[in-house]
Amino acid sequence: MTQLVQPMSVEGSSALLEGLNPRQREAVLYRGPALLIVAGAGSGKTSVLTRRIASLLETREAWPSQVLAITFTNKAAGEMRERVRHLVGHAADGMWISTFHSACVRILRREAEVFGYASGFTIYDSGDQRALLKRIVKQYEADVMGLSVANVGARISKLKNELIDAESFSRDVNLADPKEALFLTIFREYTRTLQAANAFDFDDLIAQTVYLFRAFPHVAEPYRRRFRHILVDEYQDTNHAQYALIRELTKPAPGVPAASLTVVGDSDQSIYAFRGADIRNIIEFEQDFPEATVVLLEQNYRSTQTILDAANAVIANNFDRKPKNLFTAGGAGDKIVGFTGYSGHDEAQFVADEIEQLHRNGMEYREIAVFYRTNAQTRALEEILIRSAVPYRILGGTKFYERAEIKDAMAYLISVANPADALAVRRILNTPKRGIGPATETQLANFAERNGVTFREALRHAAELGFGPKVTKAITALSDLLDEATAMTVPPAEGNAPIPVFDVLALLMQKSGYVDALRASKDPQDEARMENIEELLAVTKEFQRNNPDGLLIDFLTETALVAAADELDDTSGTVSLMTLHTAKGLEFRAVFLTGIEEDLLPHRMSVNEPGGPSEERRLFYVGITRARERLYLSLAMTRNSYGETSVSAPSRFLAEIPGELIDWRQSPGMTGPGAGGRAAGSLGWSSGGVGAGAGQAKPKTEWTNRVTGKVRDNGDLELAIGDRVRHDDFGEGRVQAITGTAAKRIAEVQFDTAGRKRLLVKVAPIVKL
DNA sequence: GTGAAGGGGCTTTTT
DNA sequence: GCCCCTTCAC
């Protein structure tokens, strides 16, 4: 529904303010150098931000090109652009609405030459960073000093987020400590290698942009002139480098006053301190920007009062916060449903059953989400959801772009786009197998080092290095293929469309023999890998459709910066599974918070960190406040980790929710605050189900802890309506309906004791009687 | 140089 | 429980 925007009077009586409460109106209309909008969960901040932008355009206070809006994910950016477009039409197209990382890439691609990089630089993800560090750590045998790839990587990341590069670190480091000295060496080597590869890691994207602006004011100046209105969402999760970037952009340029800055945030939702987010950025905003005005949004438009009461009660236990209380004009809604499973599988079965129940009552699968603290928890959930034929989708986790075959294919593209990137070229050197082993690779690397050329260039000199004819031929063929692909990617002349990325990738995959190797393989997994390559080819097609003038480098940029939440597809018709971190900024009609146990939430690793438990509590708070109508809290008495079963205890956070808000279908039998936290044993667990039973009669649960994780295959078991079946866990029942075909055939079975279930015939542990 | 088999270590969360 | 790395035979 398109909304006609009328000219706004100074008091602001335009359509833009329709339906807004007084606080929200103030946030839209306030004009000044700095505005902090403290936006509680579900308080309509996106509405406020988009209307604020629209209002600036409408009153001619800003051109579209003068607006820079920063969001946390690309998906959020896309949504914001959509909503602004709804309000102001295509004026929205001229604005920069993007994530910190995307905005910085855009700047760096334009300005890279100024400080010694080429515009086609590669963006290294955490996997690339790890691969590179692995090589360096090995080279210096740093692991014997206790410097692991993981902790070196984390430390470098932390330093970069603090804008401390290798050289400034070297000024402060205590060189008498050999471990510190070695760390410095690695940090330097890592920096040098990235530079030589014409590559930036994630942290560099921000930090290098700051360095660029500081070192070259004439580069920063056009951006300072251009962006007159800067808006930053999720400000509580910005780190120091991002903060510095904002400061750089809001400096006055000659003859131009400082840009106006609007930040939106909620310190109760700060969950990224582990990644360098500095909560002080928001807490000290008023000191940083002395003329700042603060607007507080507390009215919630998302959740029922019951859900908000739970959220308020939990977060109130964080002592160092400004008091804030979410409230709604909507009703109390349903009680929160609690469930304690005997095992992770039992818990998962509860989730699956409740999802089916919701679905039967008319809720779409896509309106339901399941959250968890760690990615490892997905396994049990997946097993049960598959069996129960619940359509689901996991966001994040082992991401598409992290799969080996996809990284291989991308490495081919990167080798073309950025020939300086030795990491990419080395990755494809012997992928698929061409008989080029580590010895040959080292020789090529040495040649490159000796002659001061890139690894890519060294390939061209294979004939001079005295390799055998087979090896030489293999190297030359690869080199020629890369040249052929490179020739396809030269930017087209004005008015001509570029050669589609699809064609470049297809050529590389064909002529390199990559797809042939997968097709010829006997490994059944390679069939799936082949499908993934085809999927990637489809992605390139899609990219070209959306960006007819998009070049290879644009494709690589886009794929390098996809975030977990970006994968969310509102039309998918599936239940969404994700970590609590990924859930930030999203909302669902029904939310399942699983694994609410000590050592999981709060996570064991966080308990002894300063600020750890508070951050975990905020994470719980974020999870609770994602739910609009229905909230489920579940946990398990035992959980498998490392292949071993261990006893778990209810999370301390559970006791912080007033008991009357929760309807326990099966209670953990908490004895009060502090029931959790104890190590093991059966402490804190009651011996049986306490079912308060507001819902339907609780089926017997003796079977539940016997749910096994075995994958089976019933092949083409034929079932018809009326057949009796026996299920390993649910006992005997009668088939009520059959839907779907082949591998997706689903049987609806009314079990004698366990209720009605949907089962995926192929994998369900059933036999026909 | 390649592939199979066995041992060690690990998991917090992510742009 | 699984992944990754090392080791060993061909």
Side-chain angles (χ1 to χ4, degrees), chain A residues 70-77 98-105 123-127 129-131 134 138 143 148-150 153-154 157 160-161 200-207 234 237-239 241-242 270-277 371-380 395-399 401-402 404 429-430 432-441 467-468 470-471 474 521-523 560-567 578-585 595 599-609 612-613 615-616 618-620 622-623 639-645 709:
Chain A
I70 301 285
T71 59
F72 203 68
T73 63
N74 293 300
K75 181 171 189 283
S98 70
T99 63
F100 270 107
H101 290 86
S102 303
C104 287
V105 170
I123 300 163
Y124 279 6
D125 66 17
S126 13
Q129 180 183 47
R130 206 177 54 226
K134 198 189 280 179
K138 197 168 184 174
D143 44 342
S148 70
V149 171
S157 174
K160 286 185 178 182
N161 286 332
F200 295 113
D201 65 21
F202 277 139
D203 304 314
D204 281 336
L205 295 177
I206 316 289
E234 308 284 7
D237 281 323
T238 51
N239 61 35
Q242 292 165 331
S270 159
I271 54 174
Y272 281 103
F274 75 92
R275 188 171 96 185
F371 301 156
Y372 36 82
R373 177 65 178 83
T374 69
N375 283 304
Q377 288 165 253
T378 54
R379 195 162 302 144
L395 303 191
T398 335
K399 285 171 230 135
Y401 289 100
E402 283 170 12
L429 186 63
N430 196 33
K433 304 260 182 285
R434 345 180 134 85
I436 306 173
T440 310
E441 184 183 336
F467 299 128
K470 238 183 106 186
V471 170
S521 162
K522 277 172 293 197
D523 185 343
L561 297 175
V562 290
D566 297 339
E567 300 163 23
M578 68 192 88
T579 66
L580 284 164
H581 283 88
T582 302
K584 190 176 74 153
D599 290 350
L600 222 39
L601 189 73
H603 195 276
R604 172 188 328 206
M605 289 290 157
S606 74
V607 169
N608 295 318
E609 283 169 18
E615 178 146 319
E616 298 286 306
R618 291 194 292 271
L619 205 44
F620 189 40
V622 165
R639 199 167 281 281
N640 294 335
S641 59
Y642 294 109
E644 271 165 15
T645 304

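Every chain is numbered from 1 and lettered A, B, ... according to where its sequence line falls, protein lines coming before strand lines. No experiment lies behind these values; they were computed from the predicted model shown. All values below were derived from every heavy atom in this structure, side-chain atoms included, with hydrogens, water molecules and symmetry-related copies excluded.
Scanning for ring pair (Phe, Tyr, Trp, His ring centres under 6.0 Å) contacts around A:Y272 gives A:F72, A:F274, A:H581, with sequence neighbours left out. A:F620 is linked by a ring pair (Phe, Tyr, Trp, His ring centres under 6.0 Å) to A:F653, counting only residues two or more places apart in sequence or in another chain.
A:S641 comes within contact range of no nucleotide atom at all, as no heavy-atom separation falls under 4.0 Å. Here A:K138 lies in heavy-atom contact (under 4.0 Å) with sugar-phosphate atoms only. Within the nucleic acid shown, A:T579 comes within 4.0 Å of sugar-phosphate atoms alone, with no base atom in reach, counting heavy atoms only.
Between A:L561 and A:A150, the one whose closest nucleotide on DNA chain B sits nearer the 5' end is A:A150. Of the two residues contacting DNA chain B, namely A:A376 and A:D203, the nearest-nucleotide position lying further toward the 5' end is that of A:A376.
Evaluation of A:F274 against the base of B:dT13 yields a stacking contact (centre distance < 5.5 Å, interplanar angle < 30°).
Atom CD1 of A:I206 and atom P of B:dT14 are 18 Å apart (whole Å).
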Mind listing the N/O atom pairs, protein and nucleotides 2-6 of chain B, below 3.5 Å?
{"from": "B:dT2", "atom 1": "OP1", "to": "A:G435", "atom 2": "N", "distance (Å)": "3.2"}
{"from": "B:dT2", "atom 1": "OP2", "to": "A:N430", "atom 2": "ND2", "distance (Å)": "3.1"}

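The one candidate from A:L601, A:I271, A:V622 that meets the side-chain contact (heavy atoms from CB on, under 4.5 Å) condition with A:L580 is A:L601. Considering A:R275, A:K584, A:Q242 as possible partners of A:D237, the one that fulfils the side chain to side chain donor-acceptor pair (under 3.5 Å) test is A:K584.
With contacts defined as side-chain heavy-atom distances shorter than 4.5 Å, the pair A:I123/A:F200 does not qualify.
Look at A:D599 and A:R639 and you find no salt bridge, because none of the NZ, NE, NH1 or NH2 atoms lies under 4.0 Å from a carboxylate O.
The side chain of A:T582 places an N or O atom within less than 4.0 Å of a non-bridging phosphate oxygen (OP1 or OP2) of B:dT14.
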